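The structure appears right after this line, and notes come after that.
The shown structure was predicted, so the numbers you read here are calculated from the model rather than taken from an experiment. All values below were derived from every heavy atom in this structure, side-chain atoms included, with hydrogens, water molecules and symmetry-related copies excluded.
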Amino acid sequence: MQTKIKLILTLFLLCIQSIVLFGQKKEDYLFNDSHFHLTNYIQEGISIDKFLEIMGNKVGRSTLFGIPLQQQWSYQNSGNYSPTYYLQTDAPLYYYSFTDAFIAMQYKSLSKEKQARFDPMITGFNPSDMYAYKHIERVLKTFPGVFTGIGEFSIHKEFVSAKVSGEVASLTNPALDSIMDFAGKVGLVVILHNDMDMPMAKQKTEPVYLSDMRDLLKRHSKTTIIWAHIGLGRIVYPAGYGSDSSTDRPPNHTDIVKSILDDPAYSNVYFDISWDEVAKYIVSSPEIIKKCAELMDQYPDRFLFGTDVVAPPDQKFYMAVYEKYQPLWKALKPETSEKIRKQNYIKLFDAARKKVRAWEAVNVKQ
């Protein structure tokens, strides 16, 4: 009986929070951010109060996560130079679990009204560890009422994967399956970074990680999965990018994405268009803008906008990715733009909040 009362009160509070935030007119803010890092690769960044100031009235809600990896400062490698990014040193990266506690405490420092604007995510686990799902479970039980999902975490990521200490993560590792199974059981949204292809790949072949990624997505049809950056990277180009049209027709990135969206087996899969590197490709020409807009207009419920900004110093810096997408916003149907920028976030993350809080009501001892 107590469990039922607790669940009812939790759901009631969620409804009140939603009314407080979204009782305003839809044009009062520009977007909800599905992909945001409060801290960087050395676990430094800005406070949540500073981020709220930066969001201002431009952003309604945002995910909230750090980076699961810490860049080691190896004196033997870089001397007195302290690297702050993984490309600045040859020293390895290692998983940094304290990021989850830090994010939780930042969130808990806010009033309930301000908390309603954030969806914290768990990231501090090693996806090649069969115990990783237990870390996620412990975080939920230690900080009930806080987290909405897991991620962004990475499997195949250009330059990063090879630098991580220990076993290399893989799409075929049962450890990853146990993570995805647990997320589905609890109702956690998953934000997964997995490059579709290797860096600077030859363009006449199928992207090397596509088949394994398809299999993973299909194996976990009950888990809500957001494929970050549409599978692109800094030098992981869109499939078919830069190919000579006079040769045999290579795989095309939008066709690959469409094939996933077309298939009912992947109805749990969404794509985010976060990161200025992704924007660079999408707005690279009128023809590509048109093709991407047509795909999104056809599947308006399956894309989300995120900035992928890391610890922004000010609002201008933070808003740059959104502004870079202006040609796309103009090319989309108004209702599609509204869904990608705002509504799809609300739909996915509100559903996850309710499911996770319900799981906590049953499984967390007070």
Side-chain angles (χ1 to χ4, degrees), residues 33-52 61-72 86 93-110 114-155 157 160 164-166 169 175-176 178-193 223-226 228 306 308-311 348-349 352-353 355-357 359-360 363-366:
D33 194 340
S34 69
H35 196 123
F36 176 77
H37 299 271
L38 191 67
T39 57
N40 61 16
Y41 275 91
I42 59 168
Q43 309 304 318
E44 295 179 355
I46 59 174
S47 70
I48 197 167
D49 290 307
K50 175 65 175 178
F51 184 40
L52 273 168
R61 280 167 60 179
S62 177
T63 54
L64 192 70
F65 43 92
I67 287 179
L69 295 162
Q70 164 76 32
Q71 175 59 62
Q72 179 182 333
Y86 62 86
L93 297 157
Y94 58 90
Y95 291 102
Y96 188 82
S97 293
F98 187 71
T99 183
D100 295 327
F102 177 80
I103 292 296
M105 295 310 292
Q106 287 283 305
Y107 174 83
K108 287 171 72 68
S109 72
L110 300 175
K114 291 178 179 178
Q115 285 178 358
R117 298 183 68 180
F118 293 106
D119 290 283
M121 310 288 281
I122 298 169
T123 64
F125 54 88
N126 180 346
S128 67
D129 183 0
M130 291 294 291
Y131 279 126
Y133 81 95
K134 296 297 290 184
H135 168 85
I136 297 167
E137 183 179 42
R138 280 192 295 272
V139 172
L140 291 173
K141 290 183 176 181
T142 304
F143 298 104
V146 173
F147 290 97
T148 311
I150 62 174
E152 179 201 19
F153 71 98
S154 301
I155 303 300
K157 183 175 182 179
V160 170
V164 180
S165 297
L176 179 58
S178 66
I179 292 167
M180 303 298 268
D181 282 341
F182 183 74
K185 174 185 174 183
V186 176
L188 296 158
V189 173
V190 176
I191 302 177
L192 176 61
H193 180 127
T223 304
T224 299
I225 303 169
I226 300 172
D308 194 24
V309 171
V310 179
L348 291 188
F349 286 91
R353 281 185 181 185
K355 291 175 183 176
V356 178
R357 299 295 86 83
W359 181 89
E360 291 171 346
N363 292 279
V364 179
K365 295 180 180 179
Q366 297 294 334

Practice item. Determine, step by step, whether I136 and F147 satisfy the side chain to side chain contact (heavy atoms under 4.5 Å, CB included) criterion, reporting the C-alpha distance in whole Å, the side-chain angles of both residues, the deciding distance to 0.1 Å, and the verdict. Key: CA-CA 10 Å; I136 297 167; F147 290 97; over 6 Å; no

Check your understanding: Under the side-chain hydrogen bond (donor to acceptor under 3.5 Å, both in side chains) test, which residues partner S178, sequence neighbours left out?
Key -> none

Check your understanding: Any idea which heavy atoms bring A169 and S128 closest together, and the distance?
Key -> CA-CB, 4.2 Å

Exercise for review: Examine distances only and state if a side-chain atom of E152 and a backbone atom of H35 form a donor-acceptor pair shorter than 3.5 Å.
Suggested key: no

Exercise for review: Would you check if the side chain of H37 reaches a backbone N or O of G66 as a donor-acceptor pair within less than 3.5 Å?
Suggested key: yes

Practice item. Kindly write out the residues that satisfy side-chain hydrogen bond (donor to acceptor under 3.5 Å, both in side chains) with Q70, not counting sequence neighbours, or none if the list is empty. Key: none

Review point. Is there side-chain contact between I150 and F182, with at least one heavy-atom pair below 4.5 Å?
Key: no

Review point. Do the rings of H135 and F125 sit parallel, tilted or perpendicular, given the 30° and 60° boundaries?
Key: tilted

Review point. Counting only N and O atoms by type, is there a donor-acceptor contact under 3.5 Å from the side chain of Q43 to the main-chain atoms of I67?
Key: yes

Check your understanding: To the nearest 0.5 Å, how far apart are CZ in F98 and CE in M105?
Key -> 8.5 Å

Point to revise | Heavy-atom donor-acceptor pair, Q106 side chain to A101 backbone, under 3.5 Å | key: no

Practice item. With sequence neighbours left out, write down each residue that passes salt bridge (Lys or Arg N to Asp or Glu O under 4.0 Å) with K114, or none if nothing qualifies. Key: none

Point to revise | Gap separating the CD1 atom of I122 from the CZ atom of F65, nearest 0.5 angstrom | key: 13.0 Å

Review point. For D49, what residues pass the side-chain hydrogen bond (donor to acceptor under 3.5 Å, both in side chains) criterion, not counting sequence neighbours?
Key: none

Review point. Any chance the rings of Y107 and F143 have centres within less than 6.0 Å?
Key: no

Review point. How would you list, by chain and number, every residue that makes a side-chain hydrogen bond (donor to acceptor under 3.5 Å, both in side chains) with T123, sequence neighbours excluded?
Key: none

Check your understanding: Does anything in residues 118-127 pair up under salt bridge (Lys or Arg N to Asp or Glu O under 4.0 Å), and if so which pairs, sequence neighbours excluded?
Key -> R61-D119, D119-R353

**Study point:** Name of the residue among V146, T63, L110 meeting side chain to side chain contact (heavy atoms under 4.5 Å, CB included) with F118
**Key:** L110

